[in-house]
Each structure stands twice: as structure tokens, then as C-alpha cells.
Amino acid sequence: MKQLMKGNEAVVHGALVGGATHFFGYPITPASEIAHAAADFFPRTGRHFLQAESEVAAINMIYGAAGAGARTMTASSGPGVSLMAEGLSYIAGAELPCVIVDVQRAGPGLGNIWPEQSDYNMVVKGGGHGNYHNAVYVPNSAQEMCDMTAHAFDIADRYRVTVFILSDAYIGQMMEPVEIPDSVHHAPAKPWALGATSETRDNLITSIHMSTADQAAHNWKLKAKYDQMEAEITDWEEVFTDDADTLFVAFGITARICLTAVQRLRARGVRAGLLRPKTVFPFPRTRIAELVDQGPVREIAVVELNDGMMADDVQLAAPSVRVHRLNWLGGQVPTAEQVLEMAAQKAGQR
Amino acid sequence: MIKHKKPDAFYDTFERKGAGQQTTHYCPGCGHGTVHKMIAEAIDEFGVRDRTIFCSPVGCSVFAYYYFDTGNIQCAHGRAPAVATGMRRVHDDAVIISYQGDGDLAGIGTAEIIHAANRGENITVFFVNNAIYGMTGGQMAPTTLIGQQTLTTPTGRSAATDGNPIGMCELMSALSAPVYVERVSLGDGNRVLKARRAVRKALKNQIDGVGFSFVEILSPCPINWKLTPMDARKWLIENLEPAFPVKSFRDTGTPGAVATARAARDPSGPIPDDEMVRLLGSQSEIETIDRVTGLPEQRVKVAGFGGQGVLSAGILLANCAISEGLHATWLPSYGPEMRGGTANASVIVSEESIGSPLVDEPTTLIALNGPSIDAFEGSVVPGGLIVANSSLIDREPARSDVRYCMIPASKIAQDIGFQGAANVVLLAAYAAIEGFPAIDILRRVIPHALKKKNLVDLNLQMVDAAVEFVAEHPVAAPSAAPLPVR
Ligand SMILES: Cc1ncc(C[n+]2csc(CCOP(=O)(O)OP(=O)(O)O)c2C)c(N)n1
Ligand code: SF4
């Protein structure tokens with residue numbers, strides 16, 4: 001039986017099904033419902049919820065809990081994720097698994113609480129200092145908020161990385177029917193973690209590598225891991241791409257809007273298609289290149305609530321094709337018609 | 001009594017420092033080595049080496065894991081108390097040590113130490129106060145003395161510019177949760193013996209579940225003080241001790257209120273999987289029906305004042321859609337306007353999966369007040385429907401190409417006895433006119449959707465009244481346009 005719930009509430013359901021045991025939160029609109037639901041459900045199911053004194057503390061509590069072997073998470077929005085940057089970098093360096101949900105709002109600064117996708121560069125390119133990446137899933141429905149969060153814990157443990165659920169104010173605030181999966185995931189054995197036992201006494205969680213040679217070896221090891229992730233977990237969805245000469249690329253809320261836009265174009269006889277990345281790190285660049293090199297795609301429209309952050313990645317993947325940037329900022333979200341108008345304008349035809 | 005053998009909690013040789021190393025990386029006369037040794041001895045004495053997790057800071061003691069043959073985690077600058085908190089929530093039986101310098105604890109990490117202390121985390125904090133940033137080469141610390149020269153106070157710390165040295169034990173004592181707060185000194189042998197006792201007690205407190213213990217250790221940094229090890233100890237006694245009184249600030253000896261409350265909590269841990277699946281799945285169990293297919297996509301905008309039940313009417317509608325096995329999205333306007341201003345909800349119901357959840361051209365507008373009909377009347381598709389609360393809207397419909405149902409919803413609701421349910425009257429009128437949602441489903445969903453169960457009957461009466469009103473006032477086809485083919 002499906003239940004009507006906000007994407008933000010679906011995250012907590014997904015987290016519990018995903019085996020999460022420790023939630024460290026700090027309130028911020030439009031992500032707060034995640035902390036609210038976690039504060040309700042985690043203790044009720046014998047798990048732990050703690051409101052940290054700041055996002056800085058929250059990410060470091062995660063560092064501790066993940067180092068101790070727990071499946072742990074937090075949720076925030078841009079200003080809070082900015083504060084977590086240092087901790088995320090430590091977590092990447094120490095190769096700890098965790099899950100972070102970013103329900104994006106408009107920035108920079110305090111900005112406003114309406115949707116943007118402008119944390120793309122911060123989250124997809126790392127966010128903190130040093131040479132590292134997070135796995136980044138981009139849900140476009142309440143169901144995916146649940147399912148991707150559950151899956152994220154497995155991915156985090158498999159690669160020992162931070163997995164981001166990069167959402168936005170609309171996907172978080174929107175209510176939709178959600179089917180809660182009925183099998184609970186569990187963490188694998190973590191012999192590397194600090195277990196407070198004689199077996200784990202020799203374990204060390206750290207991100208320091210004092211010699212340049214050690215640091216280099218460590219960083220190349222991380223790089224190999226990211227490459228492996230690209231080969232194994234890159235995920236996307238395609239709609240009408242078989243014969244599409246105009247390809248829309250969008251994620252999250254704008255992918256929903258583009259789906260409507262593409263359906264309308266099809267109804268008008270235009271051969272439009274949609275590629276929706278479900279992961280933006282790793283990015284489905286190989287597939288985009290394939291569609292351009294081997295398919296009929298003549299132009300690409302990347303629709304985003306930022307000034308073209310993912311469009312840069314699309315253009316890199318497909319250098320030979322025109323990539324149009326259809327961008328909205330400030331929390332303004334286009335209707336499908338507005339997307340079509342701007343697409344026509346940019347294409348200078350139709 | 002000074003022990004000379006290496007404690008077991010120390011590695012025999014410091015391999016992490018380099019193969020076969022026997023000495024620490026600390027400068028001659030540095031206090032860190034002395035404090036390490038005291039801690040290692042206490043770990044030995046209590047036999048908790050396997051259970052111990054040592055949280056090392058950023059500072060000269062960043063490499064504490066070279067020495068401690070315990071679980072080790074190296075923390076970001078100042079964050080060890082938060083890391084220790086995370087650990088504490090995972091392992092009840094771990095012995096968790098947060099070891100921090102003055103830059104780490106009293107500067108960059110002030111928030112984390114205050115809040116860990118205030119939560120009464122059952123951890124032990126060793127705070128090595130050497131009145132300077134050691135690792136980075138001797139800059140001012142929050143505990144640097146007035147007049148003390150450092151690289152960033154070349155003419156001496158001035159209160160006017162930098163404020164006064166900060167007393168962390170004094171701050172800790174202002175909180176109720178810590179059970180043990182003491183400042184000790186490494187100035188001479190007697191002081192070191194006292195310090196050893198404090199270290200021991202602070203660790204024992206944790207092992208016994210007594211609560212948060214905090215030991216500040218005044219400690220020499222001869223290199224950055226630019227003194228010999230001997231002179232550094234003298235300077236410590238003569239200058240640091242007067243500024244930072246060496247004494248016990250608090251020693252309750254018994255479990256603090258926080259520890260007692262925590263011990264009383266249910267320790268049973270995660271509930272079984274099947275129980276959790278049931279809990280997560282059991283929010284609303286409404287029987288579903290298989291509806292006759294052929295429903296055109298419904299794009300409904302519900303609008304009114306915050307507090308009129310705009311958002312909840314939308315939720316009710318979306319819940320009905322689920323019960324009829326349909327796809328649905330509900331998107332609120334949210335934020336400050338929820339507190340008294342205008343609010344609206346966009347609901348889409350469809351037999352197909354839904355793309356954009358935005359409702360820019362509603363097929364139906366449900367307007368609870370005047371400003372809402374003013375704002376959205378023009379956006380309704382030709383042939384669409386406007387259900388408006390005529391109790392609060394005192395003007396004529398403006399369009400001739402849409403259908404109108406002007407229903408005195410507030411009055412109807414008030415007459416039945418609950419004015420707050422005008423939203424239900426309007427929604428039921430919409431249902432009666434469009435045949436969706438089925439009135440039967442609406443009646444079944446209402447008891448599940450309402451938080452206040454005593455209002456169920458009143459709300460069902462609203463539905464009856466609306467159905468009756470629509471039967472008596474059939475909605476006319478628009479005069480100016482045919483029904484659109486949808
Ligand atoms: C975020 C951050 N800022 C600055 C530094 C540089 N840093 C390293 S150690 C240190 C000061 C350490 O002083 P203290 O805590 O007093 O420890 P000590 O070295 O004296 O034992 C600073 C500022 C850092 N590592 N991280
Ligand atoms: S710089 Fe100071 S604190 Fe650091 S090791 Fe040397 S004496 Fe110790």
C-alpha cells in the first residue's frame with residue numbers, strides 16, 4: 001500500500017530500511033522535516049537521533065559514528081553543507097562511509113528557501129579541500145528519495161565513501177505516494193572500524209599521510225576507487241532517446257518538468273528525448289557521448305536551477321555538439337511551457 | 001612513585017613513527033609526553049586497553065596514535081568532542097578519550113567542547129594548556145597570557161586587541177552536567193603526582209559511568225616559550241599558575257543527573273526488522289478501489305489564507321487519488337507565507353505517471369478567499385472549473401469560458417458547527433461536480449486524514465451538505481467556450 005508523504009519524510013523511511021542507526025541533525029529549511037521524522041522514528045525503532053549544536057558538530061559526530069562502524073547520516077541544505085566541508089574532506093581521506101542529504105535552496109549566502117540546484121559544484125566536485133569525490137545520487141520523486149537513501153548506505157559501505165542525496169526544495173517538500181520497501185538492509189562486517197575490542201585495538205582512523213609518497217599512493221588509491229565507481233554505479237534514465245535529435249538533460253525537479261516538456265514536443269511531432277542522470281558523480285558521460293557519436297542527437301539542452309553547472313559536464317562529455325544552457329536562478333522554477341519557450345529561443349529555430 | 005617501565009597501553013616501539021623508534025616526537029621538556037604516560041598508566045591500571053578509543057586532535061599531539069596501543073581516531077582541529085560523541089552513541093562500553101590542546105579546545109573547538117560537556121557525554125577530556133599554538137610554531141592561543149610574546153603578538157598579548165586569557169575550567173564549571181573539573185600543573189614532581197591522580201580519576205569516572213570529566217593540564221612548551229626545559233617549568237609556576245588557578249573545580253564523585261537519566265533509558269536497541277517494516281508501512285491503511293478508467297488529468301490549485309486548511313485539503317485530495325490507485329503529486333507553497341499570508345497547494349492527479357508537479361494552468365481552482373480567486377482565476381484552462389467560497393468572495397465571476405460553483409462554504413461549515421472545515425465543503429463540492437474523487441472514497445479517507453478524531457462526524461456532514469448543495473445548484477456549462485478536449 002502506498003503512502004502519501006513528503007520527499008523529506010521518505011528519506012527517513014528509506015534510511016531506516018537502508019539500515020541507518022545514527023542520525024545527527026541540525027534544522028534548516030527546506031530540509032527540516034528530515035530531522036523531524038528522524039527524531040520521531042529513530043528512537044522509536046531503537047536507533048539514535050541527536051540534534052547537534054551545528055552542522056560542523058554533526059559531520060564530526062558522523063565521523064566518529066562511522067569510524068565506530070555505524071550506518072550514519074545527516075540532512076541539511078546549502079548553508080549547512082558549506083559548514084560540513086572540512087568534515088567531508090576528513091571523511092573522504094579516512095575512507096569512512098556515510099550518507100548526507102542536501103535539500104538544496106537558493107544561494108549564495110542565506111539566499112532563500114526556494115529550490116535551486118546550485119550546490120551541484122560543491123557537492124559533485126567534492127565540497128571540501130583535497131582530491132576526493134562523493135558519490136552523488138539525484139532523486140526526482142518522493143519514491144526515489146526513499147529508495148536512493150536506502151541504497152546509499154550499501155554504496156557508502158561498498159566503497160567507503162560519502163554518498164550524497166542531492167535533492168532540492170521541491171523534491172523535498174512535494175508529497176507523492178511512496179511504497180516503502182519491505183526488506184531491511186544491514187551493514188556488512190567492518191573489520192577496519194573501531195569496535196572497542198581486542199580485535200580492533202590496532203585500528204586507526206586517520207587522514208594523515210606524512211610522506212609525499214604515502215599521500216600520493218593514498219590519493220591514487222582513492223582515484224582508482226572513483227574510477228571503479230564510474231564503471232559500476234553510474235546510473236541514468238532515458239525517455240524517447242532512440243530517435244531523439246534534441247536531447248534534454250536534467251536532474252531532480254527540472255527532470256520532472258523536462259519530462260512534461262518532452263512529452264509535449266513529442267505530441268507536436270518533435271523528436272525530443274530526455275536523459276536524466278540518477279547519479280551525477282559518477283556522471284553518465286560515456287552514455288551522453290554515445291548518444292551524440294552514435295545517435296541522431298544534434299543538440300542538447302541542459303535545464304538547471306543554476307547557471308549551467310551540469311551543462312559544463314555535459315559539454316565535456318559531448319564536445320562536438322551544441323549544448324544549450326537553460327537556467328533559472330533565485331528559486332524561480334520554470335513551467336514546462338517556459339522550458340519549451342527558452343529551448344526554442346536558444347535553438348533559434350522552431 | 002614514578003614508574004620507569006613503559007606502560008602496556010604504549011607500543012613497545014613507535015613503529016608508526018618509523019621502524020624501531022623508541023622516543024616520542026615531542027621536544028625535550030614538552031608536557032605532552034608526560035601527560036601521555038599518565039594516561040597510558042591509567043589505562044593499564046584499569047585494564048581497559050582493548051576498550052579504549054583515543055581521539056587525537058590537531059596540534060602537536062596529532063600523532064598520539066604513534067604511541068597509544070589502543071583504538072585510535074585522528075580528528076579535525078577542535079572537533080574531537082563531537083567525534084567522541086558520535087563514538088559514544090555507537091559503543092556504550094568504549095572508553096573514549098578526547099585529548100586536546102588549547103588552540104584546539106579553547107579556540108577553534110569551543111562550541112564542540114561546551115556542548116559535549118553540556119550534554120554530559122560520558123567521556124574523558126584531557127586539555128593540555130601550554131598557552132601557545134605549539135604545532136604551528138608559536139602563535140597566540142586563547143590561553144596566552146597578557147603581555148606574552150608570540151609570533152602573532154610580537155609585542156605581547158594585549159587585552160585591548162585580543163581579550164583576556166580564557167579559563168576553560170571556569171567555563172566548564174558554569175555548566176551543570178560535568179561531574180569532575182580539575183586544573184593541574186606539570187610544574188614540578190609533586191604537581192605531576194597530583195596531575196596523575198586527576199588523570200586517573202577522570203578515566204575512572206567514565207569507566208564507572210559517572211559522567212563527563214575534564215582535566216586541564218598546565219603544560220610547558222619550552223621551544224615556543226623560548227626557554228630551557230628547566231626554566232619553562234619555573235615560568236609555568238610563576239606565570240601560568242597565577243592566571244590559571246590550580247585546583248579542583250568540581251568533583252561530585254557520584255553519577256551526574258545526566259548519567260542517571262541516561263542509565264534509566266531503555267537499552268534494548270534496534271527493534272526487529274519485521275516490526276520496523278510494519279511500523280513504517282502502517283501509517284494509513286485505507287482500502288483502495290479500482291476506479292473506472294478515463295479520468296482526464298486533474299490539475300487542481302487550492303488557494304486561500306494560511307490557516308484555512310488549504311494545504312490539508314490538497315493532501316486529502318491526493319490521498320483520495322492514491323486510494324483510487326492513481327498517481328498524485330502535492331506541492332505546497334511554503335515558508336513565511338504559511339504564517340498568516342496566502343497559501344496554496346498544487347495537486348495533480350493522473351492515470352499516467354506525472355512529470356512536472358507545477359500547476360500553472362489548473363483544470364480546477366478551489367478558492368477559499370477573495371485574494372485567491374483574484375490571483376488564479378485567469379489561469380484556469382478554458383472549460384475548467386472554479387469552486388469558490390462565496391461566503392468570503394463578494395464579487396461576480398469574471399470569466400465566461402469556465403464553469404463556476406459559488407458555494408457559501410464558510411457559512412455551511414459554521415451552520416454545521418465547525419467553521420474550520422470550509423475547505424472540506426469546497427473539496428466535496430468539487431468531487432460532486434467532477435465525479436472525482438468518488439464521494440464514497442472521500443468519506444473513507446477523511447477519518448484517516450484527520451488528526452482530531454472527534455471531528456470526523458462533523459467533516460462527514462460537510463461532505464453531505466456540499467453534495468446536497470451541488471445537487472440543488474447544478475453547475476452550468478460555460479457560456480463562451482465548449483468543454484475542452486482534455
Ligand atoms: C581548520 C584548521 N585550521 C588551522 C590549522 C592549523 N593548526 C594546526 S595545529 C594548530 C594549533 C594547535 O595548537 P594547540 O591546540 O594549542 O596544540 P599544541 O600544538 O600547542 O599542542 C593550528 C592552528 C588546522 N590544522 N586546521
Ligand atoms: S612545540 Fe611545544 S607543545 Fe609542541 S612538541 Fe614542542 S614543546 Fe611540545
Side-chain angles (χ1 to χ4, degrees), chain A residues 1-4 13 16-17 21-22 24 29-30 44-48 50 52-54 56-57 60-70 72 86-87 90 113 170 173-177 180 182 184 194-198 200-201 203-208 256-257 259-260 263 333 335-337, chain B residues 16 49-53 55 62-63 65 69-76 79 82-91 93-95 111-112 114-115 266 268-271 273 276-277 279-281 283-286 288 315 318-319 322 327-332 334-335 354-358 360:
Chain A
M1 166 74 201
K2 291 190 172 177
Q3 299 171 47
L4 186 71
H13 284 67
L16 290 170
V17 168
T21 56
H22 290 74
F24 301 98
T29 309
R44 264 211 279 158
T45 55
R47 287 151 176 84
H48 298 260
L50 181 62
E53 61 269 28
S54 69
V56 174
N60 283 284
M61 289 172 185
I62 285 178
Y63 184 80
T72 178
E86 183 199 30
Y90 271 71
I113 56 177
Y170 271 0
Q173 295 294 325
M174 178 168 61
M175 278 195 177
E176 289 184 293
I180 306 302
D182 56 9
V184 178
L194 294 175
T197 62
S198 55
T200 61
R201 194 183 74 214
N203 289 350
L204 166 66
I205 309 284
T206 185
S207 58
I208 305 179
R256 292 287 290 266
I257 297 163
L259 177 63
T260 300
Q263 283 166 341
V333 182
T335 62
E337 265 333 296
Chain B
R16 279 172 171 154
R49 181 163 58 136
D50 289 341
R51 287 163 59 194
T52 298
I53 296 175
C55 304
V62 67
F63 296 120
Y65 59 78
D69 183 5
T70 63
N72 280 284
I73 184 165
Q74 196 285 313
C75 310
R79 316 301 174 208
V83 174
T85 298
M87 291 261 165
R88 177 84 286 156
R89 304 294 152 140
V90 179
H91 295 313
D93 50 347
V95 176
E112 284 75 20
I114 293 281
H115 288 278
D266 177 11
S268 49
I271 62 173
D273 288 358
M276 191 173 72
V277 167
L279 178 80
L280 295 180
Q283 286 207 316
S284 63
E285 288 295 341
I286 308 163
T288 54
I315 293 173
N319 265 316
I322 300 184
H327 296 273
T329 58
W330 171 92
L331 189 65
Y334 58 93
I354 298 165
S356 172
L358 276 63
D360 45 329

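Here is the naming used below: chain letters follow the sequence lines, and residue numbers restart at 1 for every chain. Not measured: the values here are computed from a predicted model.
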Side chains of [X] and [Y]: closer than 4.5 Å at any heavy-atom pair?
| X | Y | result |
| --- | --- | --- |
| A:Thr197 | B:Asp50 | no |
| B:Glu112 | A:Val56 | yes |
| A:Ile180 | B:Val277 | no |

[X] portion near chain A, given a 4.5 angstrom heavy-atom threshold:
| X | result |
| --- | --- |
| B:Thr52 | neither |
| B:Ile315 | both |
| B:Arg49 | both |

Problem - Toward chain B, the part of A:Phe24 with a non-hydrogen atom under 4.5 Å - result: side chain
Fill in the blank from the handout: If one checks every heavy atom of A:Thr45 against chain B at 4.5 Å, the contacting part turns out to be both
For the [atom1] atom of [X] and the [atom2] atom of [Y], what is their distance to the nearest 0.5 Å?
| X | Y | atom1 | atom2 | result |
| --- | --- | --- | --- | --- |
| A:Glu53 | B:Ile114 | CD | CD1 | 10.0 Å |
| A:Met175 | B:Asn319 | CE | CG | 8.0 Å |
| A:Glu176 | B:Trp330 | CD | CH2 | 12.0 Å |
| B:Thr70 | A:Arg201 | OG1 | CZ | 8.5 Å |
| A:Thr206 | B:Tyr65 | OG1 | OH | 4.0 Å |
| B:Ile73 | A:Tyr63 | CD1 | OH | 5.0 Å |

Closest approach of [X] and [Y], non-hydrogen atoms and distance?
| X | Y | result |
| --- | --- | --- |
| A:Ala57 | B:Ala82 | O-CB, 3.7 Å |
| B:Ala94 | A:Ala196 | CB-CB, 3.6 Å |
| A:Tyr90 | B:Gln74 | CE2-OE1, 3.7 Å |
| A:Arg256 | B:Pro357 | CB-CD, 4.2 Å |

Under a 4.5 Å heavy-atom cutoff, which of [options] has the most pairs with chain B?
| options | result |
| --- | --- |
| A:Leu194, A:Ile257, A:Leu259 | A:Leu194 |
| A:Ile62, A:Thr72, A:Thr21, A:Asp182 | A:Asp182 |
| A:Ala66, A:Ala336, A:Gly195 | A:Gly195 |

Exercise for the section: Please answer whether the main-chain N or O of B:Ser356 pairs with a side-chain N or O of A:Thr260 as donor and acceptor at a distance below 3.5 Å. Expected result: yes
Exercise for the section: For the pair B:His115 (side chain) and A:Ser54 (backbone), establish whether a donor and an acceptor sit closer than 3.5 Å, ignoring hydrogens and angles. Expected result: no
Handout entry: For chain A, the option from B:Arg88, B:Met276, B:Arg51 that forms the most heavy-atom pairs under 4.5 Å
Key = B:Met276
Practice task
Considering only heavy atoms and a distance below 4.5 Å, find which of B:Asp93, B:Ile354, B:Val95 pairs most often with chain A.
Solution key: B:Ile354
Practice task
Could you please spell out the steps behind the side chain to side chain contact (heavy atoms under 4.5 Å, CB included) verdict for A:Met61 and B:Arg89?
Solution key: CA-CA 9 Å; A:Met61 289 172 185; B:Arg89 304 294 152 140; over 6 Å; no
